[in-house]
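Please read all numbers here as calculations on a predicted model, not as lab measurements.
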Amino acid sequence: MQPAINYAQNGFVVTENLSRGILDNLNRLNTFPASSAIFTDSGMPWEAGDILRQTDLANTLRLIAEGGADVFYSGPLAEQVVQAVRDTGGIMTLEDLAQVRVRRHAPVVGTYRGYTIISMPPPSSGGACIVQILNMLENLDPDYLRFGETQAVHAWLQAFRISFADRDAWMADTDFVAVPLEGLTSKEYARELFARFNPNQAMLYAEASDPARFESDPGRFIRGYAMDAGGLAGIESASTTSFSVMDRAGNTVTVTVTINFLFGSAVTVPGTGILLNNQMASGFNPVPGTIHSPEPYKRGLSSMSPTIVLDPHGRPFMSVGSPGATRIFPTVAQVISHVIDNDMPIQEALNVPRWFTMQSGQVHVENRLSESAIQGLKDLGWEVNVRSGWDFFFGGIHAVLFDHTGQFGRAGRLHGAADPRRDGVARAF
C-alpha cells in the first residue's frame, strides 16, 4: 500500500478532468466540510496543475497497512465511519461493517471465434453481457462487422438492446437470486436471440426474455420474489477506475472499482480522508419484491467488466477493462471485436469512434463516426444522438495485448493502451 500512501501524503497533479469533475460537483462537496477541505481550495475547485494532498487518508492507509482489514471493519476507524453515516441521515451500524465478507465467485467464461473470454460474474452484469453480445455477433461473418459500416453498427445496436433486456430481467446478486448464467451465455440461446435481428429496420425496443425460457432453474428467485424483474431505477455513474497489467510471462490482472457517482456520496469521514460511495443509488430498485430490491448484505447490480482474453492456443492475449457505467460492457465488447474481427492494434481499437444504446431510447455515437454511417442508422429508423468526438460518456479503456505471433509488429512484444477519453497512460517497466 506504500505507493498509495505516498500519493496521498505527497499529493498528485490535478488534471483537467479532475478539476472539471470538482467544478461539476462543487455544491455537493461544499455541503460536507470534511469533503470541501480536501477536494476544494477554500470552496473553489482545484485547478489543473495544482497539487491535491490527502494527509488524513495517508494516515488511514498506514493504519490498514499495519493492522490489516480488521482495522477498517472494526474498532475506532469503523466507529468513525458509522458515525459519519449516521450524522448525515444514514442507518449503518457497527454490526453492518463487521458482517462484510468478500465473496469469491467463478468468472463468467465464453468463447468468440476461438478466443476465450474470461470476465466478471454477478453481481456485475458485465461478464455475462459481454459473452452474450459476442455470442450473438459470432453468427455474422467477420466481414459483416467491418468497422464503422452501417450494417455493422446496426448489428451491434441490436445485440446491445437484447442484452440489456436480459440484464434487467435476470442479473442480480447470486447469493440472493439464482441467475441462469449457463443459459444466458450459451451459444444455443445466442442463436435464438440472433434470430430477432432485422437487417433492414431499427429495433426500437427489446423486450426481456421469456421467463419460461429458463424455468429449468426453479431456484432463481431464492427469496420467492415475483417473476416481474422490475428493472433498475436510475443509471450508474461514470465514476469508476479500471487498469490492466501484464508481464512478459503472460501473468495478467485487470482491476475495476467504483464509488458510483463522481465523488460517491460526497461524504468524507472527518479525520480519515475516507470518501463514502453511493452505490445503492443505482445498484438497487427501491420498489419491494423485485430481484433488484435492497436487502441486508445484498450487493447491487453493476456493469463492471474486467476481462481477460486468451488466444486460440490458450495463451494470455488481452487484459482489458473500463469505467463508464452501463457503457462499460458494450465498450469492452467493441474493443475485443475490433482486435479480433478487424485486426486493429490495441491502441487503434481504443481510439476509433464508439456507439451505444440500451434496450430502448436513443442511440449515442461519437461524431467521428462517418456521416454515411450516421445517416444510414437514421434511415434504418434509429434515433441517433451525435456526441462529441472523444466523449467521456463512452468510458475509458485501459488494456494490454500480448502479441505472440507478430500480428501487430514483433512476436513476443507487449502493447499497452490508454483511452484518450479519460485520464490515463500506458507504461512499460
Side-chain angles (χ1 to χ4, degrees), residues 15-17 112-113 115 117-119 126 130 133-134 137 142 145-149 152-153 156 238 240-256 304-311 315-324 327-356 364-370 373 387-429:
T15 65
E16 290 184 7
N17 279 338
Y112 183 64
R113 307 196 196 278
Y115 291 79
I117 313 297
I118 305 169
S119 193
I130 288 171
I133 289 167
L134 294 177
L137 295 177
L145 295 173
R146 287 191 298 271
F147 176 79
E149 296 193 6
V153 181
W156 276 100
T240 303
T241 297
S242 188
F243 62 89
S244 297
V245 183
M246 191 183 294
D247 70 12
R248 59 187 174 185
N251 299 301
T252 186
V253 175
T254 293
V255 174
T256 307
M304 294 186 288
S305 306
T307 301
I308 293 170
V309 180
L310 309 182
D311 73 7
R315 298 173 296 194
F317 179 59
M318 276 194 291
S319 182
V320 57
S322 181
R327 280 82 67 196
I328 293 176
F329 62 83
T331 294
V332 171
Q334 285 175 72
V335 169
I336 292 171
S337 170
H338 294 340
V339 173
I340 294 174
D341 293 322
N342 290 281
D343 294 319
M344 287 186 186
I346 188 63
Q347 186 64 61
E348 182 182 349
L350 269 59
N351 289 352
V352 293
R354 292 185 187 146
W355 46 83
F356 170 79
H364 301 271
V365 300
E366 290 184 306
N367 64 16
R368 294 179 295 119
L369 191 65
S370 69
R387 306 181 72 100
S388 63
W390 301 92
D391 204 300
F392 191 90
F393 174 86
F394 289 98
I397 289 273
H398 287 79
V400 185
L401 182 146
F402 199 134
D403 186 0
H404 293 279
T405 64
Q407 177 183 2
F408 301 106
R410 191 177 74 195
R413 177 172 288 180
L414 289 165
H415 297 258
D419 200 318
R421 297 166 183 83
R422 301 282 185 107
D423 292 336
V425 68
R427 282 281 186 261
F429 298 90

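Minimum interatomic distance between Pro353 and Glu366 (heavy atoms only, all atoms of both residues): CA-OE1, 3.2 Å. Of all the heavy atoms in Gly126 and Ser305, the pair that sits closest is CA-OG, 3.1 Å. For the residue pair Asn367 and Gly389, the shortest heavy atom distance occurs at OD1-CA, 3.0 Å. Looking at every heavy atom in both residues, Val400 comes nearest to Ser244 through CG2-O, 3.7 Å. Between Ala373 and Gly148, the closest heavy-atom pair is CB-O, 3.2 Å. Taking each heavy atom of Ala349 and Met344 in turn, the nearest pair found is CA-SD, 3.8 Å.
Under the side chain to side chain donor-acceptor pair (under 3.5 Å) criterion, Ser119 pairs with Thr307, not counting sequence neighbours. Scanning for side chain to side chain contact (heavy atoms under 4.5 Å, CB included) contacts around Asp423 gives Thr15, Asn17, with sequence neighbours left out. Evaluation of the side chain to side chain donor-acceptor pair (under 3.5 Å) rule for Tyr115 yields no partner, not counting sequence neighbours. For the side chain to side chain contact (heavy atoms under 4.5 Å, CB included) test, residues two or more places apart in sequence or in another chain that qualify with Phe243 are Val245, Val255. With sequence neighbours left out, His415 forms a ring pair (Phe, Tyr, Trp, His ring centres under 6.0 Å) with no residue at all. In terms of the salt bridge (Lys or Arg N to Asp or Glu O under 4.0 Å) criterion, residue partners of Arg354 (sequence neighbours excluded) are, by chain and number, Asp419. Scored by the side chain to side chain contact (heavy atoms under 4.5 Å, CB included) test, Thr252 finds Met246, Ile308, Ser319 as partners (sequence neighbours excluded). Residues forming a salt bridge (Lys or Arg N to Asp or Glu O under 4.0 Å) with Arg413 (at least two apart in sequence, or on another chain): none. For Glu348, the salt bridge (Lys or Arg N to Asp or Glu O under 4.0 Å) criterion is met by no residue, not counting sequence neighbours. Gln347 meets the side chain to side chain donor-acceptor pair (under 3.5 Å) test with Asn351; sequence neighbours excluded. Residues satisfying the side chain to side chain donor-acceptor pair (under 3.5 Å) test with Asn342, not counting sequence neighbours, are none.
With Ser242 contributing its side chain and Ser322 its backbone, the two residues share a donor-acceptor pair below 3.5 Å. Checked by atom type and distance alone, the side chain of Arg421 pairs as donor or acceptor with a backbone atom of Leu350 at under 3.5 Å. In terms of modelled atom types and a separation under 3.5 Å, the side chain of Thr331 and the main chain of Arg327 share a donor-acceptor contact.
Contact check for Val352 versus Gln334: no side-chain heavy atoms found under the 4.5 Å cut-off. The closest side-chain heavy-atom distance from Asp311 to Phe402 is not below 4.5 Å. Counting heavy atoms from C-beta on, the side chains of Pro330 and Phe394 never come closer than 4.5 Å. Using a 4.5 Å cut-off on side-chain heavy atoms (C-beta onward), Thr254 and Val320 make no contact.
Within the structure, every pair that satisfies the side chain to side chain donor-acceptor pair (under 3.5 Å) test and touches residues 390-408, not counting sequence neighbours, is listed here: Asp343-Gln407, Arg387-Asp391, Ser388-Asp391.
Atom CD1 in Ile130 sits 9.0 Å away from atom CD1 in Ile328 (nearest 0.5 Å). Within the model, atoms CG of Leu145 and NE2 of His338 stand 10.0 Å from one another, a figure rounded to the nearest 0.5 Å. Once rounded to the nearest 0.5 Å, the distance linking CG of Leu137 with CD1 of Ile336 reads 11.5 Å.
In this pair, Phe393 and Phe356 present their aromatic rings perpendicular. The plane angle is above 60°, beyond the 30 to 60° band.
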Quiz item: Should Phe317 and Leu310 be marked as a side-chain contact (heavy atoms from CB on, under 4.5 Å) after you check the CA-CA gap, both sets of side-chain angles, and the distance that decides it?
Solution: CA-CA 5 Å; Phe317 179 59; Leu310 309 182; 5.7 Å; no
Quiz item: Can you check ring pair (Phe, Tyr, Trp, His ring centres under 6.0 Å) on Trp156 and Phe147, steps first, answer last?
Solution: CA-CA 11 Å; Trp156 276 100; Phe147 176 79; 9.9 Å; no
